[in-house]
Asker: 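Input: one structure, supplied below.
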Amino acid sequence: MAYISNTPDDVRVMLDALGLKSCDQLFADVPERHRFPKIDLKPELSEMEALAVLSEHADRNTPASSLSFLGGGAWNHFIPSVVDALASRGEFTTSYTPYQAEVSQGTLQALFEYQSLIAELTGMDVVNASHYDGATAVAEAALMSVHASRDARKKVVLSRGVHPYCRSVTRAYLDAMDAIVTGDDLDRTPGELAAQCDTQTACLVVQFPDFFGRTFDLDGLAETVHAAGALLVVHVDPIALGLYKDPGSLGADIVTGEGQPLGIPVSFGGPYLGIFACRTPLIRRMPGRLAGETLDSNGRRGFVLTLNTREQHIRREKATSNICTNQGLMALRAAIYLSAMGPTGLREVAELCYHRANYAAHQIAGLPGFTVDFTTPFFKEFVVTCPIEAESLVEGLLPDRILAGVPLSRFEPGRANDLLVSVTEMNPKTSIDTFIEALSRVASVNGKEQGAR
Amino acid sequence: MRQSLPPLLWETSRPGKRATWFSECDVPKTEIPSGLVRDDAAHLNLPELSELDVVRHFTQLSQTNYAIDTTFYPLGSCTMKYNPKLNEAVAGMRGFAAHHPLAPVAASQGSLAVLHELQEQIKEIAGFAAASLQPAAGAQGELAGVLMIRAYHRDRGDKKKTRILIPDSAHGTNPATVTMSGFTAVEIPSDREGNVDLEALRRECDDTVAGLMITNPNTLGLFESRIEEVISAVHDCGGLVYGDGANMNAILGVVRPGDLGIDLMHFNLHKTFSTPHGGGGPGAGPVGVGEKLKPFLPGPIVERTGDVFSFHTPEKTIGRLKAFHGNFGMLLRAFTYILVHGPEGLRAIADNAVLNANYLKKLIEETYPVRYRRPCMHEFVATPPDADGVHTMDIAKRLLDYGFHAPTVYFPLIVKEALMIEPTESEGRETLEQFAEALLQIAREASETPETVTSAPVTTPVSRLDEVRAARQPVLRYRSRS
Ligand SMILES: Cc1ncc(COP(=O)(O)O)c(C=O)c1O
């Protein structure tokens with residue numbers, strides 16, 4: 001059998017040593033009537049056969065290319081070759097959580113560096129060693145805010161501009177705490193939301209750039225939120241922070257983010273990286289692992305997991321969270337990515353996203369029947385109102401292998417014609433122009449059909 | 001193993017170095033709203049490095065790690081089995097890795113087929129009626145499970161059920177999950193055989209009990225020999241039984257938790273189905289459920305109609321626990337792993353994992369006592385030999401000098417000085433014998449030259465680290481000295 005090192009001879013020697021005749025005898029504690037059931041699965045495949053079966057599945061997908069304009073919480077960004085080359089090293093991939101620090105310094109130092117890089121990017125003091133994804137990070141930030149008030153404040157004000165999945169996950173997590181989640185029934189500006197914060201409010205959660213791509217100015221927001229005694233949570237796209245002001249400088253207390261753009265493939269939704277950062281006074285309430293610097297018995301610098309008394313393996317039912325396994329390898333990818341990009345590379349990527357997205361938006365707005373709302377500036381995503389239903393438009397472009405965007409109707413009832421379009425450094429002008437041309441074709445064909453009806 | 005750590009990224013940074021380059025902007029530029037942009041004073045202090053700097057840095061870091069690929073890694077409860085390279089090749093296929101989660105369902109049939117088939121495999125392997133692949137890891141699977149228990153009782157109008165029972169041998173995530181889900185955790189002692197104390201359990205069973213969380217085989221590496229009575233006791237008082245599936249490796253093809261009456265369970269795909277642990281994750285923690293909990297599953301799940309796959313949200317779902325569709329890349333690896341095993345291969349995993357553990361136990365138990373004198377499953381909990389001043393931690397550290405990763409230490413909490421050893425099915429007899437020999441040698445050192453053991457490790461890039469200092473004066477990020 002594949003992946004088993006014992007030969008039949010070994011098995012015999014070992015059974016003999018144990019005074020047993022067969023492996024079956026090892027399982028005498030298992031209730032007899034349920035022992036050794038028939039498992040109705042297909043017989044084993046060879047490695048070659050498995051590769052063929054899986055390639056066939058892979059070929060039935062339409063993966064992202066330069067003609068993909070899909071975003072909405074996962075984006076097609078360039079991954080420098082060093083990221084895969086280094087992150088796929090077996091010493092990183094096949095090690096466990098660094099419980100034995102002396103033989104896990106590679107993982108620990110990389111996590112410490114990840115924490116430092118993200119602290120720099122977000123303007124926060126402390127960053128944990130990763131959370132499951134952006135959505136669970138938002139949920140835990142809301143939970144942490146409630147706990148930080150010693151459960152005295154049970155209202156969480158959530159912007160409609162926070163990704164709908166982040167909002168649903170937050171609701172699922174907070175349901176058990178009997179907390180109230182409000183604010184996202186309508187599309188409100190951050191300022192309007194801050195005005196809703198009262199003595200019952202644990203935190204306000206906003207997203208930057210928001211789900212619709214908009215970059216609302218958050219200046220002054222923290223003051224209003226803090227005046228009500230609440231915390232400000234800002235959920236970010238880390239690529240944007242190569243260009244825009246960091247939430248720390250704007251007074252945020254907790255910063256969460258979806259770290260996928262930092263060198264992680266879109267991979268149908270995971271594994272991704274939950275960014276979780278906060279200010280020092282909140283540190284004891286923070287969920288998840290933390291790598292810290294210390295000295296060894298010879299006075300040399302080394303790294304360990306620290307402040308463990310917050311965690312489940314020490315505090316059990318009193319832990320700040322139940323999280324154990326996190327997304328360590330994804331944090332490593334982000335660290336490699338950010339080291340390779342440096343401040344200049346990250347800014348260049350962010351600017352390319354910005355200029356190309358704005359170019360695409362203006363081109364689309366010039367097409368008959370299409371409108372783009374330019375009232376609030378945006379970063380790399382924007383909403384297009386199409387002359388036809390967005391779902392049918394997306395379907396219409398699929399045969400050309402163009403992935404036109406995310407129809408908002410999947411999240412927002414009543415917005416059937418709205419399409420969320422994402423443009424990144426992966427979409428050069430030629431691809432954008434091809435996209436525009438295809439849009440005008442689909443729209444005109446549809447326009448004629450509708451006119452004929 | 002490399003003997004020193006590279007400097008931190010910032011310590012070798014030089015202005016003007018770079019490792020990536022992009023083409024000139026090819027579209028007309030749009031003015032960027034200046035009030036939103038970082039000003040020069042807020043310049044981003046990321047390191048500036050060449051590509052070679054980056055490669056050397058992370059390669060050198062990797063060389064200071066022990067990993068399954070380099071070393072026997074018998075970390076109990078973690079199932080550190082070999083992670084097949086095939087799975088990495090599959091996860092790297094463009095059709096999967098570059099496939100966007102919000103692509104139209106018609107353009108995603110390959111990924112949906114994988115998810116659907118994995119749901120079916122999991123149901124069949126563990127005896128459940130339905131499964132959701134959403135949870136990101138074991139602990140999140142537990143959260144899904146306990147939230148489902150809560151939703152189930154509420155749906156029946158029963159708000160009296162506020163307590164969840166947990167054996168004292170349980171992993172810390174179990175009680176932490178119970179609190180997060182709004183319940184109170186009640187600890188049940190273990191008996192002298194290492195099973196849940198059935199009498200103590202029965203005493204707690206009343207109409208306030210929402211359920212029991214049980215790990216079987218338990219964290220002592222023992223199969224709960226009265227599992228059916230335990231389950232009936234909880235069912236009889238109207239509670240549900242949650243299975244912590246972390247130890248599923250021992251019972252693949254041996255017994256199906258669903259057949260035993262377990263109502264719901266999470267799987268740790270990063271243990272049982274060998275997706276790499278990645279130095280702490282990512283994992284995947286799908287949940288399987290029996291018929292009555294099906295409507296409460298976290299969504300979406302994948303359904304099949306003829307040859308077409310689509311997403312479906314269960315009618316009374318506890319909601320969504322993660323953006324998109326779970327840790328797809330890990331789910332894909334687990335699916336591949338199950339495909340190349342088939343039913344017979346799965347049974348061979350359990351046979352070899354359990355045989356290896358029993359053989360290793362036999363080789364060392366005269367020197368390293370094991371409290372419970374009965375055959376173990378995939379792991380066992382030993383204790384150090386009698387030697388003045390030599391503790392479990394010392395033995396663990398000395399093993400590192402012998403080129404082995406240490407077992408899990410000081411867990412489960414109910415065994416003092418626990419050394420929890422899980423060899424997995426991947427290792428061959430020679431490795432087990434070499435490891436046993438190292439342990440016996442360390443026992444001799446402990447009595448003859450104890451300082452060799454208490455001052456270990458000496459062959460690693462750093463010696464024992466000051467954890468107290470790390471916690472008292474936390475340094476959690478690099479700060480430039482400027
Ligand atoms: C028995 C047991 N239960 C639960 C967990 C938690 O699983 P995870 O780390 O995947 O969250 C673990 C592993 O760490 C475990 O060993």
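Lettering follows sequence order; numbering is per chain, from 1. Everything numeric in this text was worked out from a predicted model, so none of it was measured.
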Asker: So, do A:Y165 and B:F324 have ring centers that fall under 6.0 Å from each other?
Answerer: yes
Asker: First locate atom SG of B:C25, then atom CZ of A:R356, and finally report the distance between them rounded to the nearest 0.5 Å.
Answerer: 6.5 Å
Asker: State, with a plain yes or no, whether a side-chain heavy atom of B:P104 is found less than 4.5 Å away from one of A:L403.
Answerer: yes
Asker: Classify the ring geometry of B:H99 against A:F268: parallel below 30°, tilted from 30° to 60°, perpendicular beyond 60°.
Answerer: parallel
Asker: To the nearest 0.5 Å, tell me how far A:I336 CD1 sits from B:L61 CG.
Answerer: 9.0 Å
Asker: Quick check against the 3.5 Å criterion: does A:E91 have a side-chain atom that pairs as donor or acceptor with the backbone of B:N65?
Answerer: no
Asker: Below 4.5 Å, heavy atoms only, C-beta onward: do B:V54 and A:L86 meet side chain to side chain?
Answerer: yes
Asker: Could you go step by step and tell me if A:F303 and B:V462 meet the side-chain contact (heavy atoms from CB on, under 4.5 Å) rule?
Answerer: CA-CA 9 Å; A:F303 302 89; B:V462 290; over 6 Å; no
Asker: State, with a plain yes or no, whether a side-chain heavy atom of A:F27 is found less than 4.5 Å away from one of B:V354.
Answerer: yes
Asker: So how far is it from B:M330 CE to A:L329 CG, rounded to the nearest 0.5 Å?
Answerer: 7.5 Å
Asker: Compute the ring centroids of A:H57 and B:F96, then answer whether they are less than 6.0 Å apart.
Answerer: no
Asker: For the pair A:Y96 (side chain) and B:Y73 (backbone), establish whether a donor and an acceptor sit closer than 3.5 Å, ignoring hydrogens and angles.
Answerer: no
